[in-house]
Amino acid sequence: MASYEKYWLNVWNEKRLFESEPITGKKKAFVTFPFPYMNGPLHIGHCFTATRVDIYARFKRMQGYNVLFPWAWHWTGESIPGMSYRLSQGDESVRKAFLEVDGVPPKEVERFVDPEYLASYYTRVSREAVKETGFSVDWRREFRTVDPAFKKFIEWQYLRLRELGYVVQGTHPVVWCKRDESPTGDHDRMEGEGVSPEEFNLLKFKLGGGWLVAGTLRPETIFGATNLWLHPDGAYCEADVDGERWTVSLSAANKLSEQQHSVKVLREFKGKELLGTTVVAPITGASLPVFPGTFVDTELVTGVVYSVPAHAPYDYMGLVDLQNGLTSDSLQMVELAKKVKPISIISIQGYSDVPARDEVEKRGIMNSEDPKLDDATAELYKAEFHRGIMKENCDGYRGMKVSEAKPEVVEAMKRQSLLTVMQELPQRVVCKCGTRCYVKILENQWFLNYSDPAWKEKTKTLIKRANVYPEQSLEWYFSTIDWLRNWPCARRAGMGTKLPWDKEWIVETLSDSTIYMAFYTINHFINAETVKFEQLSPEVFDYLLLGKGSEAHVAKLSGIDAKLLNNMRNEFLYWYPVDLRNSAKELIPNHLTFFAFHHSAMFQEAQWPVGFSVNGMIEIEGQKMSKSRSVFVTWRQALEKYGADALRATLALAADGMDDADWKAKNAEDLQVKIESLFIFIEKSLRDSTRREPDHLDRWLLSVTHRRIQAVTTSLEIMRTRRALSVALLEVWNDLRWYLRREAEPRRETLELVFGSWIRLLSPFTPFASEELNRRMGGKGLLSSADWPSTEDFPTDDAAEVSELLITTVIDDARNLLKIIREEKKKLNVYATSDDAKSYFLELYRAQKEGGNRGEVIKKYARTGIKPERVIKLQYELGEELAARLAAAGGFDEFATLSRASGFLSSELGIEVTVYKAGESGIHDPAKKAAGALPFKPVFYLE
RNA sequence: GCGGGGGUCGCCCAGCCUGGUCAAAGGCGCGGGGCUUAGGACCCCGUCCCUCAGGGGUUCGUGGGUUCGAAUCCCACCCCCCGCACCA
């Protein structure tokens, strides 16, 4: 960190430069960054996204806006307590991550078993990093989402959302961890990522006075059932299920009790006990024997499987194994099995009568334990479902497609109470806490009703009216709005705010972060204890944020002074709506769209957000960021190593649009050096300059600077921070280099003017260096609150720009020529265009643009001997913009420009350069080439 | 699979919506030169191929098409990234 960074931080702080108060009549900009989650330190990904917000904030401030940039910390949710719990259980990977990746001192980690402490530690170190990076934040408005006042705000929000009908109750299956008493999302899993509950059919086979209940995804294959499978060593039970006697695996009995069934286990036993008995199949009434199947997983569905060997590869191989005596010691059982023949019930093109055998043989599967059976099953299931036809032995379903028959079979069995359903995970899922998960049907959960079509429409309108950057992200919002279903907005465990009407539930993280920006507008009163959190009743928020009720009434109700209430109300009205919210693009399908939904639900259009902006994610040295692989750089580490300005600049230059940004240490080092060189460059250039009248190069520099200011400004308006800095830093520098190279006597006044604006253009990106340079250049006041450079101070000058362009063109062309001519030459003659050729071109150009008679012009200039097609072609060669500029700078004198620059050309090209004007009599023209010169196309002759 | 975004000259990337100014900006890397006691920084030149008169050839994921003309428009295909939910 450069020494001056600390200094300026203090100055800004003492002057309370970023503490924003409403100023009546002054235009405002309210910019926000989604509060970061405090289960770890802020990293450079946060820094990237947040830096873009600060760049915009500083830019708008310099443009004369009253800017509010607040900050807060997200503590809500289960992740923080979860980490504390794992640490307390001695989980080494968690401890290691704290110590080695996050860089937490060992002493502190000891205390992380307390979730509050963990979060407060990260909040503390993160706040320091944000402050030292020079973010122009109004810290008086800071809060954490567990603060009592904030909880009051969330309570109010959910009461109102519920009244408006946006919060509804529902019953849904979830993946459940018994230990956590909580649904287990993808991120909380040790095993089974991406697995979600599927609906299995339970078919009831008559067994004595009760039922043997088999699970299946293919109930339509009941017509091909030949037997049932039980794992001989599996744990089964007889249980009372909703008043019936069921035989299922023991684990199934437990799971069923979580799925709205009343279950009482009566007797436990091993699967082998039932082998050889006979059961009666539903619908078909067939008597089927129970066989041993070692491939049966008693943890999956009911642990009872009915066998369709013709169409299920597992069943086919299980039968073959048994017939070969591999899976039973009982001769009787083997003999019984040998009598079983596969029953073909589905015809499908490309397969024989027993498709399961085809699949097995195709894959060379030898026994029922072969894992290739999974593929075989999947492929055959898919093929039969889409292309299979039910055969004549399928009762009333013959000739139907399998996909059509399936729901009808289900219905038929349901009518006879022979089928019910069960939610099950098709694969093992294990929670991070080590507990095996199962499906629980959660009752009376609270949902945000995002599937409401009217709400969707309103939210789309909100997005349509907003500015959305970059443009390419717009489609994503719309498809998210369409795609979003009801969202469970409350959970059983974790930190956060309880639902005011149902204290069993805590508002989850994505649902308590939707309209909280409104809370910033008043929170400084609470932090200053002007208002006590106990006073924040729903009526207070109604008044402050929705304008409901009279202030006298609310004052009486809450005990808050009426005048203060009025101030707070005005403050909200002044700052709202949010002018810019910038986040990483991964937040579009959740947070940013939720943000839009809730604003459309709660607020009038005048308070709807007006700016949405996203950027890509961050990569580190070309790799995806990952704590577990230690591909991770904390904000603080980067800040300490490179300093605030270099950090900000590196990130700003890393990417635009939705492209992912690659953090490279090398780039940060380069930027650090570049910022140092900036000081040297500016100071040396000023030292070497003199006061004098402006010449054409001064006019050129002002003119190009005009364009640079314009480019930086328009880029920043649409959050193209990379392009903005690229122009502000690199292109301006290139302009200055050219000026200093061309200009024998750099003019002090010009440099002061340009440097003055340059450091202003850079100020949003590198605020510390800009302040420091301003001070060293004798500037008054603070640059952070100075005016944004005005293009009015930099008049454009087409003639000056075009003439410099001519110089560079001539140098490039001449270099090219000198490169290919190997002979030694001593002198370069340059023939600038004749007046005739120039007016020929200009008149022809104008004739074309203004619809004049080109033939007339061509006739008029026939005497010059210049072929008209060359002049016409020239317009295309020069291009539209240059041709227009040439026309605009009609009086532009190429000969004068080039001869004035002949000394410069000579030194640049390393050869004596003499300039002549074509068409003048008596010029030195031994090769008779001068007549070929056209505007912007001088002719060369080497000798 | 579904939805969104992309594939440009060693690398990062601008350009594409609004076709011609595009062998294609800028940064990095690399080669050469200057400055310097030296290194770094800084400054200049070069960096697709060929070319002794400013020219030519082949390029913008692949293959077609539209057009006088395509990196830019249309069609098909291939590849990469992001998201896909009870979670930050």
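All of these numbers come straight from a predicted model, not from anything done at the bench. Protein chains get the first letters and strands the later ones, always in sequence-line order, with residue 1 at the start of each.
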Visitor: Hunt down the Watson-Crick or G-U wobble partner of rU47(B), both distances under 3.5 Å, from any strand shown, or write none.
Guide: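 Base-paired to rG29(B).
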Visitor: Find the distance Ile682(A):CD1 to rA41(B):P and express it as a whole number of Å.
Guide: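 Between P of rA41(B) and CD1 of Ile682(A): 20 Å.
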Visitor: For rC9(B) and rC28(B), measure between their C1' atoms and round to the nearest Å.
Guide: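 My reading of the C1' atoms in rC9(B) and rC28(B) gives 15 Å.
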Visitor: Rounded to whole angstrom, note down the P distance from rA23(B) over to rG55(B).
Guide: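 Each nucleotide's P atom is 11 Å from the other's.
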Visitor: Quickly work out the Met658(A) CE to rA14(B) P distance and round it to whole Å.
Guide: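 After rounding, the reported distance stands at 13 Å.
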Visitor: Please pick, from rG54(B), rA14(B), rG26(B), the nucleotide with the shortest atom-to-atom distance to any side-chain atom of Ile820(A).
Guide: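 Ranking rG54(B), rA14(B), rG26(B) by closest atom to the Ile820(A) side chain puts rG54(B) first.
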Visitor: Establish, with yes or no, whether the OP1 or OP2 oxygen of rG6(B) is under 4.0 angstrom from a side-chain nitrogen or oxygen of Gln472(A).
Guide: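 Answer is yes, contact under 4.0 Å.
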Visitor: State which of rG54(B), rA14(B), rA53(B) makes the closest approach to the side chain of Val939(A).
Guide: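 Within the option list, the nearest is rG54(B).
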Visitor: Nearest to the side chain of Pro183(A), which nucleotide is it out of rG54(B), rA85(B), rC86(B)?
Guide: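 Closest nucleotide among those given: rC86(B).
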Visitor: Between Phe594(A) and Trp487(A), does the ring pair (Phe, Tyr, Trp, His ring centres under 6.0 Å) criterion hold? Intermediate values first, please.
Guide: CA-CA 10 Å; Phe594(A) 288 16; Trp487(A) 179 263; 5.2 Å; yes
Visitor: Please compare Arg741(A) and Asn734(A) by the position of their nearest nucleotide in RNA chain B and report the one closer to 5'.
Guide: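 Closest to the 5' end, via its nearest nucleotide, is Asn734(A).
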Visitor: Output the rounded distance in Å from CD (Glu508(A)) to P (rC86(B)).
Guide: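 These atoms are roughly 11 Å apart.
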Visitor: Over all strands shown, is Val174(A) touching base, sugar-phosphate only, or nothing at heavy-atom distances under 4.0 angstrom?
Guide: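 Base contact.
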Visitor: Measure the distance from CZ on Phe936(A) to P on rU21(B) and round it to the nearest whole Å.
Guide: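 Rounded to the whole Å, the gap is 16 Å.
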Visitor: Using Watson-Crick or G-U wobble geometry with both distances under 3.5 Å, which nucleotide pairs with rG83(B)?
Guide: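 WC or wobble partner is rC2(B).
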Visitor: Would you please say whether a donor-acceptor pair under 3.5 Å links the side chains of Asp102(A) and Tyr122(A)?
Guide: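 On atom types as modelled, these side chains qualify, holding a pair under 3.5 Å.
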Visitor: Which whole-number value in Å describes the distance from Gln423(A) CD to rC86(B) C1'?
Guide: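 Distance, rounded to whole Å: 15 Å.
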Visitor: Please give the distance between the P atoms of rC86(B) and rG4(B) as a whole number of Å.
Guide: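 That atom pair is separated by 22 Å.
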Visitor: Of all the nucleotides listed (rA85(B), rG54(B), rA41(B)), which has the minimum atom distance to the side chain of Val673(A)?
Guide: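 Out of rA85(B), rG54(B), rA41(B), the nucleotide with an atom closest to Val673(A)'s side chain is rA41(B).
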Visitor: In terms of side-chain heavy atoms of His172(A), which of rG5(B), rC86(B), rC17(B) is nearest?
Guide: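 Of the candidates, rC86(B) comes closest.
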Visitor: Could you work out the separation of rG31(B) and rC84(B) based on their P atoms and round it to a whole Å?
Guide: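 About 45 Å, rounded to a whole number of Å.
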Visitor: Identify whether any heavy atom of Gln445(A) sits under 4.0 Å from a base atom; if not, whether one sits that close to sugar-phosphate; answer base, sugar-phosphate or nothing.
Guide: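 Base, at least one base heavy atom under 4.0 Å.
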Visitor: For Phe681(A), answer base if it contacts any base atom (sugar-phosphate contacts may also be present), sugar-phosphate if it contacts only those atoms, and nothing otherwise; contact means non-hydrogen atoms under 4.0 Å.
Guide: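 Contact class for Phe681(A): none.
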Visitor: Quick check: closest heavy atoms across Trp663(A) and Ala668(A), and the distance to 0.1 Å?
Guide: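 Where Trp663(A) meets Ala668(A) most closely, the heavy atoms are CH2-CB, 3.8 Å.
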Visitor: Quick one: sort the Tyr166(A) and Trp455(A) rings into parallel, tilted or perpendicular, breaks at 30° and 60°.
Guide: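 If you compare the ring of Tyr166(A) with that of Trp455(A), the planes turn out tilted.
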Visitor: Distance alone, cut at 3.5 Å: any donor-acceptor contact between the side chains of Trp75(A) and Thr123(A)?
Guide: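 Indeed, the side chains of Trp75(A) and Thr123(A) share at least one donor-acceptor pair under 3.5 Å.
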Visitor: Mind checking Leu818(A) for me? I need base, sugar-phosphate or nothing, with any heavy atom below 4.0 Å counting as a touch.
Guide: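 No contact at all - Leu818(A) keeps every heavy atom at 4.0 Å or more from the nucleic acid.
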Visitor: Heavy-atom nearest nucleotide on RNA chain B for Asp812(A) versus Asn486(A): which residue maps closer to 5'?
Guide: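 Result of the comparison: Asp812(A).
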Visitor: May I ask you to check whether Tyr477(A) and Phe612(A) place their ring centers less than 6.0 Å from one another?
Guide: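 Yes, the ring of Tyr477(A) comes within the 6.0 Å limit of the ring of Phe612(A), centre to centre.
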Visitor: Could you tell me how far rG61(B) sits from rC68(B) if I compare only their P atoms? Round to whole Å.
Guide: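 Rounded to whole Å, the distance is 25 Å.
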Visitor: To the nearest angstrom, how far is Leu651(A) atom CG from rC12(B) atom C1'?
Guide: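 Result: 15 Å.
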Visitor: C1' atom, rC79(B) versus rG26(B): distance in rounded Å?
Guide: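 Each nucleotide's C1' atom is 28 Å from the other's.
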Visitor: Are His172(A) and Phe447(A) an aromatic pair by the rule of ring centers under 6.0 Å?
Guide: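 Aromatic pair counts; centres sit under 6.0 Å.
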Visitor: Quick one: which of rC86(B), rC11(B), rA85(B) gets closest to the side chain of Arg485(A)?
Guide: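 My answer, after comparing the listed nucleotides, is rA85(B).
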Visitor: Classify Leu942(A) by what it touches in the nucleic acid, base, sugar-phosphate, or nothing, heavy-atom distance under 4.0 Å.
Guide: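 The residue Leu942(A) makes base contact.
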Visitor: Does Arg741(A) pair with Glu908(A) as a salt bridge, N-O distance under 4.0 Å?
Guide: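 A salt bridge links Arg741(A) with Glu908(A).
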Visitor: If you measure from the C1' atom in rU67(B) to the same atom in rG32(B), how many Å do you get, rounded?
Guide: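 Pairwise C1' distance, rU67(B) against rG32(B), rounds to 44 Å.
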Visitor: Please pick, from rA53(B), rG4(B), rC11(B), the nucleotide with the shortest atom-to-atom distance to any side-chain atom of Lys929(A).
Guide: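 Looking only at side-chain atoms, Lys929(A) lies closest to rA53(B).
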Visitor: When you compare rU47(B) with rU66(B), how far apart are their C1' atoms, in angstrom units rounded to a whole number?
Guide: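 Looking at atom C1' only, rU47(B) and rU66(B) are 36 Å apart.
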Visitor: Tell me the partner of rC52(B), counting only Watson-Crick (N1-N3 plus N6-O4 or O6-N4) or G-U wobble (N1-O2 and O6-N3) with both under 3.5 Å; none if nothing fits.
Guide: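 Because no pair has both required distances under 3.5 Å, rC52(B) counts as unpaired.
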Visitor: If you look at every strand shown and take non-hydrogen atoms under 4.0 Å, does Arg720(A) touch a base, only sugar-phosphate, or nothing?
Guide: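 Since only primed, P, OP1 and OP2 atoms lie under 4.0 Å of Arg720(A), the category is sugar-phosphate.
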Visitor: Would you indicate what Ile821(A) reaches in the nucleic acid, counting non-hydrogen atoms under 4.0 angstrom: base, sugar-phosphate, or nothing?
Guide: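 Since a base atom lies under 4.0 Å of Ile821(A), the category is base.
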Visitor: Kindly point out which of rG15(B), rC86(B), rG26(B) is positioned nearest to the side chain of Ser726(A)?
Guide: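 Nearest nucleotide to the side chain: rG26(B).
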Visitor: If you check every side-chain atom of Lys819(A), which of rU47(B), rA85(B), rC13(B) has the closest atom?
Guide: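 It is rU47(B).
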Visitor: Take atom CG of Leu806(A) and atom P of rG54(B), then tell me their distance rounded to the nearest Å.
Guide: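 The distance from CG of Leu806(A) to P of rG54(B) comes to 19 Å, rounded to the nearest Å.
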Visitor: Checking ring-ring contact (aromatic ring centres under 6.0 Å, His included) against Phe35(A), which of His74(A), His591(A), His46(A) comes through?
Guide: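 Between Phe35(A) and the candidates, ring-ring contact (aromatic ring centres under 6.0 Å, His included) is satisfied uniquely by His74(A).
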Visitor: Run the ring pair (Phe, Tyr, Trp, His ring centres under 6.0 Å) test on Phe597(A) and Tyr450(A) for me, step by step, so that the C-alpha distance in whole Å, both residues' side-chain angles and the decisive distance to 0.1 Å come before the verdict.
Guide: CA-CA 8 Å; Phe597(A) 263 100; Tyr450(A) 292 140; 4.7 Å; yes
Visitor: rG40(B) C1' sits how many Å from Ile680(A) CD1, rounded?
Guide: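 In whole Å, rG40(B) C1' lies 11 Å from Ile680(A) CD1.
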Visitor: Within the 4.0 Å heavy-atom criterion, would you say Lys666(A) contacts the bases, only the backbone, or no part of the nucleic acid?
Guide: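 If one applies the 4.0 Å heavy-atom cut-off, Lys666(A) turns out to touch the sugar-phosphate alone, with no base involved.
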Visitor: I'd like a list of close polar pairs between nucleotides 80-84 of chain B and the protein, N/O only, cut-off under 3.5 Å.
Guide:
{"residue": "rC82(B)", "atom": "OP1", "partner": "Lys624(A)", "partner atom": "NZ", "Å": "2.5"}

Visitor: If we ignore angles and hydrogens, is there a donor and acceptor under 3.5 Å between the side chains of Asn667(A) and Thr650(A)?
Guide: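 No, no side-chain donor-acceptor pair sits under 3.5 Å.
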Visitor: So if I take every side-chain heavy atom of Lys674(A) and compare against rG54(B), rG5(B), rC28(B), which nucleotide ends up nearest?
Guide: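 Within the option list, the nearest is rC28(B).
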Visitor: Under the criterion of centre distance below 5.5 Å and interplanar angle below 30°, is Phe940(A) classified as stacked on the base of rG54(B)?
Guide: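 Per 5.5 Å and 30° rule: yes, stacked.
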Visitor: Heavy atoms under 4.0 Å, any strand shown: does Pro938(A) hit a base, just sugar-phosphate, or nothing?
Guide: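 Base, at least one base heavy atom under 4.0 Å.
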